[in-house]
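In the text below, chain A, chain B and the rest are named by the order of the sequence lines, each starting its count at 1.
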Amino acid sequence: MASNMEDEEESSNGEPPRKKLRLTKEQSRLLEESFRQNHTLNPKQKESLAMQLKLRPRQVEVWFQNRRARSKLKQTEMECEYLKRWFGSLTEQNRRLQREVEELRAIKVGPPTVISPHSCEPLPASTLSMCPRCERVTSTADKPPSAAATLSAKVPPTQSRQPSAAC
DNA sequence: ATTAATGGATAACTTACGTCA
DNA sequence: ATTGACGTAAGTTATCCATTA
């Protein structure tokens, strides 16, 4: 360590070396107690607290400044932890929902042949094409509600299961 | 057991900005 | 509208002390 080499002397720039005060237990206790009551001090409170603690008012002032800063830092750290946990739970929820979507998509695609909504005849899947707008292969409006229907109920009306003009 | 290096806590300082008379 | 005094927040520096290799 490079400290204490010029105790009681002046450093090269003519300034006396900065000395750090160590507060006693009792001083800390009183300051903390006072901080609990009020996070800021008016000049009168500062003066009387300084007298009580046998410190300079400036030292009391600095202590309160630093104490407010520590308090805020702690609060910020706690909020950060909370947000991290929240993010984690949202990520997990998102994973579950993605899995569910995959399962529902698998059910919806079903077997390789489908029934034509027009002729009620089975059609080979290879003759069908995907509508780029609604991403549906064919109309299933005449089928009973399924899990897939439940999902699509959440889709905006323009993407309803009724065949659009483009389909 | 001793010692130098290191990191955390915090007192003290500096700067920028807002408020008010 | 301008100005100077004052208080505070934010950022930085310096010091002390405990831990560790």
Side-chain N or O of [X] versus OP1/OP2 of [N]: is the shortest distance under 4.0 Å?
X: A:K19; N: C:dC16; answer: yes
X: A:Q59; N: B:dA12; answer: yes
X: A:K72; N: C:dA10; answer: yes
X: A:R67; N: C:dT8; answer: no

Inset, instruction - Let me know, please, whether A:N66 or A:E61 comes out on the 5' side of the other along DNA chain C by nearest nucleotide. - result: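 Of the two residues, A:E61 wins.
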
Legend entry - Which residue lies more 5' along DNA chain C, comparing A:K46 with A:R22 via nearest heavy atoms: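 The residue whose closest nucleotide sits nearer the 5' end is A:K46.
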
Legend entry - A:L55-A:W63 co-clustered via ILVMFWY side chain contacts under 4.5 Å: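 In one cluster with A:L55: A:W63, yes.
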
Inset, instruction - State plainly whether one hydrophobic cluster holds both A:L83 and A:L90, where clusters connect Ile, Leu, Val, Met, Phe, Trp and Tyr through side-chain heavy atoms under 4.5 angstrom apart. - result: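 Yes; A:L90 is reachable from A:L83 via cluster members.
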
d([atom1], [X]; [atom2], [N]) in whole Å:
X: A:K20; N: C:dA18; atom1: NZ; atom2: P; value: 13 Å
X: A:R68; N: B:dA11; atom1: CZ; atom2: P; value: 14 Å
X: A:L55; N: B:dT10; atom1: CG; atom2: P; value: 16 Å
X: A:L21; N: C:dT15; atom1: CG; atom2: C1'; value: 11 Å
X: A:W63; N: C:dG7; atom1: CH2; atom2: P; value: 19 Å
X: A:N38; N: C:dT8; atom1: CG; atom2: P; value: 11 Å
X: A:L23; N: B:dT10; atom1: CG; atom2: C1'; value: 9 Å
X: A:E47; N: C:dC6; atom1: CD; atom2: P; value: 14 Å

Inset, instruction - On DNA chain B, check which nucleotide each of A:R70 and A:R58 is closest to and give me the residue with the more 5' one. - result: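 The residue closer to the strand's 5' end, by nearest nucleotide, is A:R70.
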
Legend entry - Test item: A:L49 and A:P57 side chains (from C-beta on) under 4.5 Å apart, heavy atoms: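 No, side chains not in contact.
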
Legend entry - The single option from A:R105, A:E100, A:R99 passing side chain to side chain contact (heavy atoms under 4.5 Å, CB included) against A:E102: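 One option only clears the test, and that one is A:R105.
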
Legend entry - Option among A:L21, A:L53, A:L31 that satisfies the side chain to side chain contact (heavy atoms under 4.5 Å, CB included) test with A:Q59: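 Of the listed options, the one satisfying the test is A:L21.
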
Legend entry - Protein proximity profile, nucleotides 16-21 of chain B - base contact B, sugar-phosphate-only contact S, no contact -, cut-off 4.0 Å on heavy atoms: ------

Legend entry - Reported CD-to-CG distance for the pair A:Q65 and A:L41, which is rounded to 0.5 angstrom: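 Atom-to-atom, A:Q65:CD and A:L41:CG are 10.5 Å apart.
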
Inset, instruction - May I ask you to decide if A:H39's main-chain N or O and A:R68's side chain share a donor-acceptor pair within less than 3.5 Å? - result: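 Such a contact is found between A:R68 side chain and A:H39 backbone.
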
